[in-house]
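Reminder, nothing fancy here: chain letters follow the sequence lines and each chain counts from 1.
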There are 2 protein chains.
Amino acid sequence: MKGKPNSLDIAHLAGVSQATVSRALRGHASVNRATRERILQVARQLNYTVDKNASNLRTQQSGTLALLLFEDPTIDESNINPFFLSMLGSITRACAQRGYDLLISFQQLSRDWHADYEDCHKADGLILLGYGDYLDYRSRLEALVAQGTHFVRWGAVLADQPGLSIGGDNHAGGLAATRHLLAQGRRRIGFLGHASLHAPEFLERHQGYAAALREAGLTPDPLLQADAISTEGAGYEAASLVLERGARCDALFAASDLIAIGAMRALFARGLRVPEDVAVVGYDDIPMAQSTHPPLTTVQQDTRHAGELLVDTLLRMVREEDVQSIKLPPRLMVRQSCGAAQQPARTPATVTPLPAGARRARRQARS
Amino acid sequence: MKGKPNSLDIAHLAGVSQATVSRALRGHASVNRATRERILQVARQLNYTVDKNASNLRTQQSGTLALLLFEDPTIDESNINPFFLSMLGSITRACAQRGYDLLISFQQLSRDWHADYEDCHKADGLILLGYGDYLDYRSRLEALVAQGTHFVRWGAVLADQPGLSIGGDNHAGGLAATRHLLAQGRRRIGFLGHASLHAPEFLERHQGYAAALREAGLTPDPLLQADAISTEGAGYEAASLVLERGARCDALFAASDLIAIGAMRALFARGLRVPEDVAVVGYDDIPMAQSTHPPLTTVQQDTRHAGELLVDTLLRMVREEDVQSIKLPPRLMVRQSCGAAQQPARTPATVTPLPAGARRARRQARS
DNA sequence: CTGAAAGCGCTTACAG
DNA sequence: CTGAAAGCGCTTACAG
């Protein structure tokens, strides 16, 4: 036998036609039981595997999903946001369980993702993770919708978004974190992170934060807010800025764990104690949050569930089934940086339907 | 225009044959300049992309590499070893830079990787990352070599290994870490991690550790060694075990950062101070090592360089060029857990040639 | 410099 | 239940 055997080789050895080999291998019910067994045995003996390229070409499918990871350009090359890494892990696992391969790639906003992946039949659909500025990103999403690309993204579920998304309930998360801080008797609570349309997830967290303050009869103090992207460095800077303004501050709610960790460092650098002087709460519950000193109280996002939903939703889109955006309930993980110890709180799940006609629009765009 | 345009559509519109379209798109020098321009313009207009499945089928290549990640089965699902995650990042980037796609997958030892990826033309070669027990793993490597699979793995560069590997110089790393601890005046230095053929990398680190002790006229004390796989939990247990034995101990060299972090926790739990009572040094320099309290002194592995070498070496194998195993120099990152502050040390690079005839053997195995 | 033709290895209507 | 045949969309010798 020269080289890799093909289905014709199997056919000859099994004494059937090549077509029957194909049918047997794909498990068609029509194939006679004994014939199938014979074919399978020969295939096993020759270590035969179906050529993916040929089969994909014929069926016009790829059995592959592509995960496109956008990185904040300011982040150090080697340090991908750990939260995304954990999403990556759960997406990979979910794909494997469903028999799909996963292509992964770090992306810049400049590429034509549709052409790069789905159009050339490398992947049946795309999963989008992370982005820099949402306002830039949004136009790329619109282009994908216009091209009829199958895609889901992880991110804030917004009313007018192009396509659909799976994301945490950031408002609920901000609310829970801030309420918890208030329950510890904190009153001068700061917010670290961008709170604008450029970063919708952070904005939602900020809105939850503001809502909790208002519930308690307080108003968010602009002196206690500082912008930050999701890095330790930005967290350090933002906390430093707030402290330098001199306004009293007894707690900080950071829009991400990375920001919180940087903030704690800034606090320590000034001789302030966490949580005695300033309580700190983060967001994401990255693995590192358990190892900080003190361990970081944070809002956990269920990456495992998120990964499964992302994959399942995308697969449904590929099969042209009905799909909708989903908001996942966050969970407050109380550790020590907030100055308390109590049971984790839960908030209920929420499901936001896809804007009417979005699916139809996509289908039309393709024809 | 119905659906995705193919090369024949382009040909018609450009007024040439389909073959010429293919040549122009692939940049064949033979194509007339003006003809090429015309074809490219039409292709751009129609948003044409070459169908990967068809082109791969024809050329019998995939332009894709597969990254197989083996996880320690004992590790919690959601927590992939951060060191592997950072390797994953650099491998992904290296692939993208070289125009290759990357398929990623978590693997169990039970699968037939050759059949799953290379044989069915999903990938041109495999990158192997992580493993449980090397002794089990080794037989799988032998099978790959026998099947003529193109693969490289990250791991200890061993004299009699099947195939080749890119790995850190673990002996040098263990030596540097332990010498540094000795230089701080520590004498009762423990080792946390498996030191057996089941875990060759840890074994090499242990050998470096033992060599440093011997240089200083000391002997490794078995009471100060405890087995551990690379998890915080195992590190906690191992440190606890050593402490419970009651032997005096003023420093711990952990075979990985995760182990070191677990060990520090065990130390704190017993009211011991790091580094005052017990100095701690880890291995890997995962991102978390900077955020521990105190920040962890550790042996850094250059994941960025490693990722590039892994990809480049594999690509050379695929092109049937000469390749060899490579040992990368580690770098001691001095932070505070060791009780010192000084410049990082460097050790020189080492290159280990592939055992004679290994490449030829591979080629023969395939025919 | 370009075209006509073969063929990569499958899958699936169409017949029987 | 099975076979003969067409065709998925390319790439590349072979001719000219």
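Taking only side-chain nitrogens and oxygens, B/Ser7 comes nearer than 4.0 Å to OP1 or OP2 of D/dC10. Contact annotation: A/Ser17 side-chain N/O to D/dT2 OP1/OP2 distance is not under 4.0 Å. Under 4.0 angstrom from either OP1 or OP2 of C/dG9 there lies at least one side-chain N or O belonging to B/Gln60. The shortest distance between the side-chain N/O atoms of B/Thr35 and the OP1/OP2 oxygens of C/dT2 is below 4.0 Å. In this model, the phosphate group of C/dT12 is approached by a side-chain N or O of A/Arg26 to a distance below 4.0 Å at OP1 or OP2.
The CD-P distance, from A/Gln61 to D/dG9, rounds to 14 Å in whole Å. When rounded to the nearest whole Å, the span between CD of A/Gln18 and P of D/dA6 equals 14 Å. One atom, CG of B/Leu8, and another, C1' of D/dC10, lie 11 Å apart when rounded to the nearest Å. Summarising the geometry, the separation between CG on A/Asp119 and C1' on D/dG9 is reported as 13 Å, rounded to the nearest angstrom. Atom-to-atom, NE2 of A/His28 to P of C/dC10 comes out at 14 Å; the value is rounded to the nearest Å.
Listed nucleotides D/dT12, C/dT2, C/dT11 differ in distance to B/Ser22; the shortest reach to its side chain belongs to D/dT12. Of all nucleotides listed (C/dC8, D/dG3, D/dT2), D/dT2 comes nearest to the side chain of A/Val31. Taking every side-chain heavy atom of A/Tyr48 into account, C/dC10 is the closest of D/dC8, C/dA5, C/dC10.
Ring orientation note: the planes of A/Trp113 and A/Phe70 are tilted relative to one another, at an angle of 30° to 60°.
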Check nucleotides 13-16 of chain D against the protein and report each pair of N or O atoms closer than 3.5 Å, with its distance, or say if there are none.
| unit_1 | atom_1 | unit_2 | atom_2 | d |
| --- | --- | --- | --- | --- |
| D/dA13 | N6 | B/Arg23 | NH2 | 2.8 |

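Within the 4.5 Å cutoff, the side chain of B/Leu126 has no heavy atoms near those of the B/His114 side chain. For the pair B/Leu68/B/Phe151, no side-chain contact is recorded, criterion being any heavy-atom separation below 4.5 Å from C-beta on. Side-chain atoms of A/His150 and A/Leu314, non-hydrogen and from C-beta on, do get closer than 4.5 Å to each other. Proximity of A/Gln324 to A/Arg316: side-chain heavy atoms (C-beta onward) are nowhere separated by under 4.5 Å.
Counting heavy-atom neighbours within 6.0 Å of A/Arg33 CZ, excluding the residue itself, gives a total of 12 or less.
For the segment residues 49-59 of chain A, residues with any heavy atom less than 4.0 angstrom from an atom of DNA chain D are, sorted by number, A/Leu57, A/Arg58.
Atom CZ of A/Arg36 sits about 11.5 Å away from atom OG1 of A/Thr20, to the nearest 0.5 Å.
Applying the side chain to side chain contact (heavy atoms under 4.5 Å, CB included) criterion to A/Ser22, with sequence neighbours excluded, gives A/Arg26. For the ring pair (Phe, Tyr, Trp, His ring centres under 6.0 Å) test, no residue two or more places apart in sequence or in another chain qualifies with B/Tyr100.
Residue pairs that meet the salt bridge (charged side-chain N to carboxylate O under 4.0 Å, His left out) test with at least one member in residues 55-70 of chain A, sequence neighbours left out, do not exist here.
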*Just the dot-bracket of DNA chain D, please: which string comes out with Watson-Crick or G-U pairs under 3.5 Å, [ ] for crossing, | for another strand?*
|||.||||||||.|||
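Residue whose closest nucleotide on DNA chain C sits further toward the 5' end, between A/Val21 and B/Arg38: B/Arg38.
Residues A/Arg23 and A/Ser30 come closest through the heavy atom pair CD-OG, 4.1 Å.
Side chain of A/Ser90 to main chain of A/Met87: a donor-acceptor pair is present (N/O by atom type, distance under 3.5 Å, no hydrogens or angles).
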